[in-house]
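What's counted below: heavy atoms across the whole structure, side chains too, no hydrogens, waters or symmetry copies. This chain uses plain numbering: 1 for the first residue, then up along the sequence. What you are looking at is a predicted structure, and each value in this text was computed from that prediction instead of being measured.
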Amino acid sequence: MAAKLIFGCGYLGHRVARRWLAEGHTVYAVTRHVDRAAAWRGEGLHAIVADVTRPATLVDLPAVDSLLFAVGHEGERGRGPTNDHVAGLANVLEAISPAVRRLIYISSTGVYGDCQGEWIDEETACEPQRPSGRACLTAEQMLVEHAYSARTVILRLAGIYGPGRIPRKDVLLAGEPIDAPQHGYLNLIHVDDAVRAVLAADRVSAELPRRYLISDGSPVVRGEYYAELARLLGAPPPRFRPPDIETPAHARAAADKRVCNARMAAELKVALRFIDYRAGLRAIVGGTETPYRSSDSSGPGSSAEPR
């Protein structure tokens, strides 16, 4: 068995931690919060209290086989995506043991920007329009140019959804309009399948560095997605209104694309549990999955709305 280290043990990272624990690995998880560290220790994790934006706290990190960087920014003053993803990652790279065999970075399909509804893959040019996408792309480039490049797998996640995380559920149940256009594609990945992708990235034998798009490969038009969700919830049919041009919702809606997961399927060999949003939503709304909540930030693949 091996030792694993997680930065960003939130909605995705915590699930990965529990899978690694179940496989018999020793799992270290970093948090800024003392109370969260105590809870994690009760689960069998080796919690480390540290902050990626404060290098002085990143001391005596354990020598591990694999490192997962799934840090999201928490919206606090002075803690934007550039601070956490770029400066934070640089601090971690300076602090970790050279014994690390595999470094997995959770990035985002937000690195692409607007592709006018066309299909994209790992070779599509990146033109991020939002600060989070620009920060992820800068962090990716840092890794590709770093001495750890040949140990690095970059996972560009589509919008994560799953138990306890169905965007706009309360809005639909209240019969209120959704601040988004009805048209444009959403690209999704159920959190359980995102975990499978991380575990596969830890084992993949491809020449590194390597990027993978992590999506269910079944883009859906926004209006169709929310119509199905409303039907499952027994809510009124969805209504839409244009989001304020200054809001993140507007920026997300402007980035229209369809994500191809062919490389993920061919090289990571991820067998999806949920092949599209219908299967995932049925399991969640139907109560066949246990809700899960974590107050930790969950990485750049998450968002207020699936992408």
Side-chain angles (χ1 to χ4, degrees), residues 2-10 12-17 19-20 23 25 27-30 52 61 63-72 84-86 88-90 92-93 96-112 120-124 126 133 135-158 160 187 189 191-217 259-272 298-302:
K4 315 289 185 179
L5 174 60
I6 300 175
F7 290 86
C9 196
L12 171 62
H14 199 175
R15 280 176 162 79
V16 173
R19 283 291 300 273
W20 274 337
E23 293 176 359
H25 301 297
V27 182
Y28 299 87
V30 176
V52 298
L61 294 178
V64 296
D65 177 71
S66 307
L67 184 151
L68 172 64
F69 192 93
V71 172
D84 284 333
H85 284 281
V86 181
L89 178 59
V92 168
L93 291 174
I96 60 176
S97 163
V100 172
R101 170 194 59 85
R102 179 61 43 85
L103 196 159
I104 304 166
Y105 174 68
I106 300 299
S107 185
S108 165
T109 57
V111 298
Y112 291 101
I120 65 167
D121 61 20
E122 289 82 358
E123 305 308 319
T124 302
C126 294
C136 285
L137 186 59
T138 300
E140 287 187 19
Q141 292 167 338
M142 180 195 309
L143 284 167
V144 169
E145 296 168 0
H146 196 272
Y148 289 139
S149 174
R151 313 176 194 187
T152 295
V153 177
I154 294 166
L155 304 182
R156 292 173 172 170
L157 267 64
I160 300 178
N187 297 277
I189 187 69
V191 66
D192 288 353
D193 289 325
V195 170
R196 293 181 179 204
V198 172
L199 299 180
D202 195 28
R203 300 186 297 264
V204 69
S205 59
E207 183 177 349
L208 305 182
R210 194 69 163 156
R211 296 180 175 90
Y212 295 93
L213 285 170
I214 307 302
S215 167
D216 62 20
V259 172
C260 174
N261 68 358
R263 182 181 291 180
M264 178 192 83
E267 296 185 12
L268 296 184
K269 304 186 186 307
V270 175
L272 293 175
S298 54
S302 63

Quiz prompt | Minimum-distance pair of heavy atoms, taken over all atoms of Ile189 and Ser215 | solution = CD1-C, 3.7 Å
Quiz item: Has the side chain of His25 got a donor or acceptor atom that lies under 3.5 Å from a matching backbone atom of Ala2?
Solution: yes
Exercise. Please round to the nearest 0.5 Å and tell me the distance separating atom CG of Leu61 and atom CZ of Phe7.
Key: 5.0 Å
Quiz item: Hey, does Leu93 have a side-chain heavy atom less than 4.5 Å from the side chain of Leu103?
Solution: yes
Exercise. Locate the shortest heavy-atom distance separating Ala3 from Ala63; write the atom from each residue and the value.
Key: CB-O, 4.1 Å
Exercise. Enumerate the residue pairs fulfilling side-chain hydrogen bond (donor to acceptor under 3.5 Å, both in side chains) with a member in residues 195-213, sequence neighbours excluded, ordered by first and then second residue.
Key: Lys4-Asp202, Ser66-Asp202, Arg101-Asp202, Glu140-Arg211, Arg210-Glu267, Tyr212-Glu267
Quiz item: Checking side-chain contact (heavy atoms from CB on, under 4.5 Å) for the pair Met264/Leu272: CA distance, chi angles, key distance, verdict?
Solution: CA-CA 10 Å; Met264 178 192 83; Leu272 293 175; 4.0 Å; yes
Quiz item: Just by modelled atom types, is the Thr124 backbone N or O under 3.5 Å from a matching donor or acceptor in the Asp121 side chain?
Solution: yes
Quiz item: Is the shortest heavy-atom distance from the side chain of Leu5 to the side chain of Val100 under 4.5 Å?
Solution: no
Exercise. To the nearest 0.5 Å, tell me how far Leu137 CG sits from Ser107 OG.
Key: 7.5 Å
Quiz item: Which heavy atom in Leu157 sits nearest to a heavy atom in Ala194, and how many Å separate them?
Solution: CD2-CB, 4.1 Å
Quiz prompt | Leu208 side chain near Thr152 side chain, heavy-atom distance below 4.5 Å | solution = no
Quiz item: Distance from Ile154 atom CD1 to Leu213 atom CG, nearest 0.5 Å?
Solution: 11.5 Å
Quiz prompt | Distance, nearest 0.5 Å, that separates OG1 of Thr109 from CG of Leu155 | solution = 12.5 Å
Quiz item: Which atom names give the shortest non-hydrogen contact between Asp193 and Ala271, and what distance separates them?
Solution: OD1-O, 4.2 Å
Quiz item: Can you tell me how far the CZ atom of Phe69 sits from the CD1 atom of Ile104, to the nearest 0.5 Å?
Solution: 13.5 Å
Self-check item: Cys126 side chain near Gln141 side chain, heavy-atom distance below 4.5 Å
Solution: no
Quiz item: Is any side-chain heavy atom of Tyr148 less than 4.5 Å from a side-chain heavy atom of Leu67?
Solution: no
Self-check item: Candidate pair Val270 and Ile214, rule side-chain contact (heavy atoms from CB on, under 4.5 Å), full reasoning
Solution: CA-CA 10 Å; Val270 175; Ile214 307 302; 5.9 Å; no
Self-check item: Val191 backbone acceptor or donor facing Arg15 side chain under 3.5 Å
Solution: no
Self-check item: N/O donor-acceptor pair under 3.5 Å between Ser149 side chain and Val144 backbone
Solution: yes
Quiz item: Any side-chain heavy atom of Ile106 within less than 4.5 Å of one from Val198?
Solution: yes
Practice problem: Mind running side-chain contact (heavy atoms from CB on, under 4.5 Å) on Leu199 and Glu23 for me, showing each step along the way? | Solution: CA-CA 11 Å; Leu199 299 180; Glu23 293 176 359; 4.1 Å; yes
Quiz prompt | Which residues share a salt bridge (Lys or Arg N to Asp or Glu O under 4.0 Å) with Glu123, sequence neighbours left out | solution = Arg263
Self-check item: Leu143 CG to Leu89 CG distance, which is reported to the nearest 0.5 Å
Solution: 4.5 Å
Practice problem: Check Gly13 against Ile6 and note the closest heavy-atom contact, atom names and distance. | Solution: O-CD1, 3.6 Å
Exercise. Name all residues meeting the ring pair (Phe, Tyr, Trp, His ring centres under 6.0 Å) criterion together with Tyr28; count only those two or more places apart in sequence or in a different chain, and write none if there are none.
Key: His46
Quiz prompt | Residue pair Arg102 / Ala201: nearest heavy atoms and the distance that separates them | solution = NH1-O, 2.7 Å
